[in-house]
Amino acid sequence: MPNKDKDHIINMIPHATACDILPSVARHRRRPVIKVQDGCNNECSYCIIQKARGKSSSVVPDKVLQEIDKYHALGFEEIVLSGNSLRHLWPRFKESMHSCKLLEIILKQTSIKRIRLSSIEVNELTPQLLDILSDNRICKHLHLPMQSGDDYILGLMNRSYTSSEYRISIENILKRFNNIGIGTDVIVGFLEKGMIILIKLYT
Ligand code: SF4
């Protein structure tokens with residue numbers, strides 16, 4: 001089954017419907033993950049996302065709100081917003097929308113108690129996003145992939161920041177929030193055209 005059809009995998013299970021299965025799967029998760037974006041417009045040299053899933057595409061805001069309300073009604077207090085590149089949310093909409101706008105809409109139009117961002121690129125951390133993170137309903141946790149601390153390797157990886165830009169961003173976060181959890185990904189054994197090994201770190 002091609003990746004783009006994976007949402008229909010439920011149809012391959014005889015006598016099951018999405019309604020039968022999804023809530024029972026979700027019940028075992030403390031934090032349901034809501035996918036708000038897929039694909040990516042970046043071209044990191046080690047990553048196959050764009051080939052596998054194409055350019056960035058986003059779920060329309062109303063659908064995101066419906067998903068949140070659905071999980072809230074099932075008793076969940078927290079949801080995780082997930083995407084490959086939250087910076088590229090809804091680029092096709094006239095009003096340029098990004099993760100800040102999405103968070104504003106969710107805060108205003110739902111009453112879910114906690115909202116958590118999944119992985120986000122360090123250069124998406126605008127002052128506006130940090131302002132919104134101050135809201136009590138947004139979890140004080142960020143996962144910011146670093147991938148390498150070496151500018152030459154970051155260049156080979158085609159990442160869009162330098163090691164010092166990454167460090168300054170982390171320092172800005174820590175100045176603003178003294179009790180925040182920060183996670184990262186580090187690729188070790190990076191070869192320009194070869195295998196990679198990924199390590200996840202959490203503070
Ligand atoms: S930003 Fe993430 S998803 Fe996009 S190409 Fe780079 S590693 Fe892949």
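Numbers for residues simply follow the sequence, beginning at 1. Both counts, for ligands and for their atoms, begin at 1 and track the order of listing. It should be emphasised that the depicted structure is a prediction, and the values quoted were computed from it without experimental measurement.
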Sub-4.0 Å atoms of ligand 1 with respect to non-hydrogen atoms of [X]:
| X | result |
| --- | --- |
| Glu121 | 1 (S), 2 (Fe) |
| Arg159 | 1 (S), 6 (Fe), 7 (S) |
| Cys40 | 1 (S), 3 (S), 4 (Fe), 5 (S) |

Side chain to side chain, Ile79 and Val33, heavy atoms closer than 4.5 Å: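 No, side chains not in contact.
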Are Gln147 and Tyr46 close enough that some pair of their side-chain heavy atoms sits under 4.5 Å apart? yes
Report the part of Ile49 (side chain from C-beta onward, or backbone N, CA, C, O) that has a heavy atom under 4.0 Å from ligand 1; answer both or neither where that applies.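 Side chain only.
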Just how far is it from atom CG of Asp62 to atom CD1 of Ile105, taken to the nearest 0.5 Å?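 If we round to the nearest 0.5 Å, Asp62:CG and Ile105:CD1 are 8.5 Å apart.
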Is it true that Asp151 and Thr162 share a donor-acceptor pair across their side chains at a distance under 3.5 Å? no
What residue among Arg137, Arg114, Lys113 forms salt bridge (Lys or Arg N to Asp or Glu O under 4.0 Å) with Glu78? Arg114
On a heavy-atom basis, I'd like to know which of Asn42, Ile187, Asp185, Ile48 is closest to atom 1 (S) of ligand 1. Asn42
